[in-house]
Participant: 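The structure's right below; bear with me while I get my questions together.
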Amino acid sequence: MVRIDARGMHCPWPAVRLARALRDGATRVEVIADDPQAPTELAAVVASANATIEIVLDASISVFVVTCR
């Protein structure tokens, strides 16, 4: 599993890092992001990669678990 800590990064950077990880062959990626736009941006990357996304809320931090099909 690849972990991307994108806390403090504004979109589109969390999505760019996710796209790069998927392009490099990762099949499961965990993205920690606190930008309010992250869910929308990450969902767009997931849709284009034919993957699934699960959002895990932990206090004030969102963790997005992306799995390739």
Side-chain angles (χ1 to χ4, degrees):
M1 177 188 307
V2 174
R3 286 193 174 94
I4 298 170
D5 187 347
R7 288 178 284 192
M9 292 183 186
H10 296 286
C11 283
W13 291 111
V16 169
R17 293 188 67 193
L18 171 61
R20 183 178 299 141
L22 294 175
R23 214 175 25 250
D24 288 347
T27 58
R28 188 169 167 91
V29 182
E30 182 179 278
V31 181
I32 303 168
D34 55 4
D35 186 320
Q37 295 299 317
T40 304
E41 297 284 331
L42 296 175
V45 172
V46 168
S48 69
N50 195 27
T52 60
I53 189 167
E54 174 187 352
I55 302 171
V56 180
L57 299 175
D58 183 17
S60 63
I61 298 174
S62 296
V63 179
F64 305 86
V65 180
V66 177
T67 307
C68 289
R69 296 180 188 168

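Counting begins at 1 with the first residue of the sequence. Computation of the quantities below employed the complete heavy-atom set of this structure, encompassing side-chain atoms and omitting hydrogens, waters and symmetry-equivalent molecules. As the structure is a prediction and not an experimental result, all values here were calculated from the model.
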Participant: Establish whether Leu57 and Val29 are linked, either directly or via other cluster members, by ILVMFWY side-chain heavy-atom contacts under 4.5 Å.
Facilitator: yes
Participant: Please examine the side chains of Glu30 and Val63, heavy atoms only from C-beta on, and report whether any two atoms are closer than 4.5 Å.
Facilitator: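 With C-beta onward as the side chain, the pair touches.
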Participant: With Val31 as reference, evaluate Ile55, Val45, Leu18 under the side chain to side chain contact (heavy atoms under 4.5 Å, CB included) test and give the passing residue.
Facilitator: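 When Ile55, Val45, Leu18 are each tested with Val31, the side chain to side chain contact (heavy atoms under 4.5 Å, CB included) holds only for Leu18.
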Participant: Is it true that Met9 and Phe64 fall in one hydrophobic cluster, defined by side-chain heavy atoms closer than 4.5 Å?
Facilitator: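 No.
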Participant: Would you call Val66 and Ile53 a side-chain contact if the rule is heavy atoms closer than 4.5 Å?
Facilitator: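 They are in side-chain contact.
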Participant: To the closest 0.5 Å, what do you measure between CZ (Arg7) and CG (Asp35)?
Facilitator: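 Going from the CZ atom of Arg7 to the CG atom of Asp35 covers 14.0 Å.
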Participant: Heavy atoms only: give me the nearest Ala38-Ala33 pair and the separation to one decimal.
Facilitator: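 Reported closest heavy-atom pair: CB-CB, 3.8 Å.
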Participant: Compare every heavy atom of Glu41 with every heavy atom of Cys11, then report the nearest pair and how far apart it is.
Facilitator: SG-CG, 3.5 Å
Participant: Between OG1 of Thr52 and CZ of Arg28, what distance do you get to the nearest 0.5 Å?
Facilitator: 8.5 Å
Participant: Under a 3.5 Å distance rule, please check whether Asp34 uses its side chain to pair with a backbone N or O of Gly8 as donor and acceptor.
Facilitator: yes
Participant: Return the minimal non-hydrogen interatomic distance between Ala51 and Cys68, and the atom names on each side.
Facilitator: CB-CA, 3.9 Å
Participant: Is there side-chain contact between Arg3 and Ile32, with at least one heavy-atom pair below 4.5 Å?
Facilitator: no
